[in-house]
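Here's the structure, in structure tokens; my notes come after.
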2 protein chains.
Amino acid sequence: MEEKETFNHLPHKTIARLSQYRRALLLCLSRGKSHIFSHEIATIQHITPVQVRRDLMLIGYSGTLRKGYNIKELINLIANIIDSEEGIKVAIVGMGNLGRALINYFSGKRHKLSIVAGFDTNPDKIGNTMNGVPCYSASMMKDIIQQEGIQIGIITVPAENASQTANELVAAGIKGLLNYTPKPIDVPEYVYLEEYDMITTLEKVAFYVKMRSLEEE
Amino acid sequence: MEEKETFNHLPHKTIARLSQYRRALLLCLSRGKSHIFSHEIATIQHITPVQVRRDLMLIGYSGTLRKGYNIKELINLIANIIDSEEGIKVAIVGMGNLGRALINYFSGKRHKLSIVAGFDTNPDKIGNTMNGVPCYSASMMKDIIQQEGIQIGIITVPAENASQTANELVAAGIKGLLNYTPKPIDVPEYVYLEEYDMITTLEKVAFYVKMRSLEEE
DNA sequence: ATAACAATGTTATTTTATTAACAATTATTT
DNA sequence: AAATAATTGTTAATAAAATAACATTGTTAT
């Protein structure tokens, strides 16, 4: 029996890098390049060529010895792995600066991922469209998410509303959440959760800057 | 000879968690709690109590057996480790939505880290103040950074300007950089660089959502 | 007083991620 | 035609991070 390839066991970090490789590759393609070496990808991404080759080995892609990797083929393979055929719809809850920043990042790029709805409680925002994304009242969350079949939610509300927002999204049937507030949220285990905290990142940079200047002394 | 404790060898992940512990602890403190158990911290942060205890062991902090950790003491210790006494000044380059979002996150909180300048090329923004942070012309970058002694830069410009901005910041003598554009940048090894790419994160969430729904079949 | 319990602190183990090593291959040069 | 060089693909080794195991220690209950 032929087993369907699932890419089930790829390391988390490899998944993240594949997404980044693809972006770099698309850029190269648009500049007319057709092939690329592992060390070129590595240089762009600040990693080692071995890492690149190992990631590509894991997804079963082979280059040619003196030409490197076929950019188009590789882009397609990565798309096969990380995209879903039908596309996935995303909602942003909290149309403040951060929410709008995310919408801008995505607008214009044709992805299998599309942000199709924003939610907010501010009446001035409700009813408007930002970069093609309509802003609905937060009270409509469940309805719209179910109507549209939205699977992923991005939380960009003020920290104090984070957990309530998360609960509402989960109740609406969301499958994956991305929490950008500094407040950790709880979700049932069947919801995939990723959290990112900008303050922590900045404090980390500050720590290493401090360490390095101490070391110099 | 007494050796000064440097916390030089703390794992990167521990540093990030310490920052998060502190935030959770400050919250608990403001609610009148004086002590906390490792499993309480763990629950808040979605990690295991062992992880918490191990991190605290690494920084040499001891709790008491049936009362847990003294919140105030622990906050002070963490501050000792990750903050620098004199404080560190930060600049944001790119006062778009993302830049302003970051400023809002920070405003009001009294940190050893303070955002003291924003830069942009848009004449409508230059000269304004956003949440107490003045916006200067990008052409003033070097002067202001050196005058103010700014050590950390956050890059929130459009991707196509990322590398030039990075070069300018490095030339101005910046010590640490935080790049929020999806375009990886190159910096000399003496500059500490952290990069974060929102699109990658979202694609990763999408991948795991997809994987899980495939698994259900 | 003693047993049971619920914590901490630390060492050992396992898992995950990265890096190194190197055989194999093919183009290029001599 | 042989030597050299550059590159891939893969296995082996190392490093980093997380988890498990468990001894220790007070506290509470009996």
Side-chain angles (χ1 to χ4, degrees), chain A residues 7-21 25 28 33-71 73-74 77-78 184 189 193-195 200 204 207-208 211, chain B residues 7-21 25 28 33-71 73-74 77-78 184 189 193-195 200 204 207-208 211:
Chain A
F7 302 110
N8 213 328
H9 312 296
L10 293 173
H12 276 53
K13 294 288 183 75
T14 295
I15 298 299
R17 281 190 299 261
L18 287 176
S19 158
Q20 291 170 324
Y21 296 162
L25 292 169
C28 292
K33 237 167 124 70
S34 76
H35 287 75
I36 193 167
F37 295 122
S38 62
H39 65 259
E40 294 178 292
I41 301 180
T43 302
I44 298 172
Q45 304 290 343
H46 306 134
I47 57 178
T48 63
V50 190
Q51 182 86 83
V52 174
R53 294 206 299 277
R54 213 172 187 298
D55 285 335
L56 299 190
M57 184 194 81
L58 291 175
I59 63 174
Y61 186 67
S62 287
T64 48
L65 198 37
R66 291 293 277 233
K67 281 163 69 187
Y69 302 96
N70 179 304
I71 294 180
E73 278 178 23
L74 187 47
L77 176 56
I78 293 177
E189 53 79 31
L193 173 65
E194 189 94 15
E195 306 198 286
T200 289
K204 201 175 147 196
F207 172 78
Y208 285 106
M211 286 308 295
Chain B
F7 303 110
N8 212 328
H9 312 294
L10 293 174
H12 282 226
K13 294 288 183 79
T14 295
I15 298 299
R17 280 190 300 262
L18 287 175
S19 158
Q20 290 170 324
Y21 296 162
L25 292 169
C28 293
K33 236 167 125 69
S34 76
H35 288 74
I36 193 166
F37 295 122
S38 62
H39 66 258
E40 294 178 293
I41 301 180
T43 303
I44 298 172
Q45 304 289 343
H46 308 132
I47 56 177
T48 63
V50 191
Q51 181 87 83
V52 174
R53 293 206 299 279
R54 215 172 183 299
D55 285 335
L56 299 190
M57 184 195 82
L58 291 175
I59 64 173
Y61 186 67
S62 287
T64 48
L65 198 37
R66 290 295 275 230
K67 282 163 70 187
Y69 303 96
N70 180 304
I71 294 180
E73 277 178 23
L74 187 46
L77 177 55
I78 293 177
E189 52 79 33
L193 173 66
E194 189 94 15
E195 306 199 285
T200 289
K204 200 175 149 195
F207 172 79
Y208 285 106
M211 286 308 295

Contact string for nucleotides 24-30 of chain D, one letter per nucleotide 5' to 3', B = base within protein heavy-atom range under 4.0 Å, S = sugar-phosphate only, - = neither, reads -BBS---
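- In this structure, B:Lys13 places its NZ atom 9 Å from C1' of D:dA16, rounding to the nearest Å.
- Among the heavy atoms of the strands, none lies under 4.0 Å from A:Thr14.
- Nucleotide D:dA12 holds its P atom 11 Å from the CZ atom of A:Arg54, rounded to whole Å.
- B:Ser38 comes within 4.0 angstrom of sugar-phosphate atoms only, judged by non-hydrogen atoms across all strands, and of no base.
- When side chains are defined from C-beta on, B:Leu74 counts as touching B:Leu56, because their heavy atoms get closer than 4.5 Å.
- Taking atom NZ of residue A:Lys67 and atom C1' of nucleotide D:dT7, one finds them 14 Å apart after rounding to whole Å.
- For A:Tyr69 and D:dT7, the OH to C1' distance is 9 Å, given to the nearest whole Å.
- Inter-residue side-chain proximity for B:Tyr61 and B:Asn70 is flagged as met; some heavy-atom pair is nearer than 4.5 Å.
- Counting heavy atoms from C-beta outward, B:Glu195 and B:Pro184 have side chains that approach closer than 4.5 Å.
- Side-chain N or O atoms of B:Glu40 include one that pairs as donor or acceptor with a backbone N or O of B:Phe37 at under 3.5 Å.
- Rounded to an integer number of Å, the gap from A:Leu74 CG to D:dT8 P is 12 Å.
- Counting heavy atoms from C-beta on, the side chains of B:Ile47 and B:Tyr21 come closer than 4.5 Å.
- Using a 4.0 Å cut-off, some side-chain N or O of B:Arg17 falls inside it from OP1 or OP2 of D:dA18.
- In plain terms, the two heavy atoms of B:Ile15 and A:Lys204 that are nearest each other are CG2-CG, 3.9 Å.
- Note that the first and last nucleotides of DNA chain C, 5' to 3', having any atom under 4.0 angstrom from a heavy atom of chain B are C:dC5 to C:dA12.
- B:Tyr69 places none of its side-chain heavy atoms less than 4.5 Å from the side chain of B:Leu25.
- The 12-atom threshold is not exceeded at NZ of A:Lys67, counting heavy atoms of other residues, nucleotides or ligands nearer than 6.0 Å.
- Between B:Ile47 atom CD1 and D:dA20 atom P there is a gap of 14 Å when expressed in whole angstrom units.
- A:Val52 places none of its side-chain heavy atoms less than 4.5 Å from the side chain of A:Gln45.
- Of the candidates D:dT7, D:dA18, D:dT10, D:dT7 carries the atom nearest the A:His39 side chain, counting heavy atoms from C-beta on.
- Taking atom CE on B:Met57 and atom P on D:dA17, their separation rounds to 14 Å, with Å as the unit.
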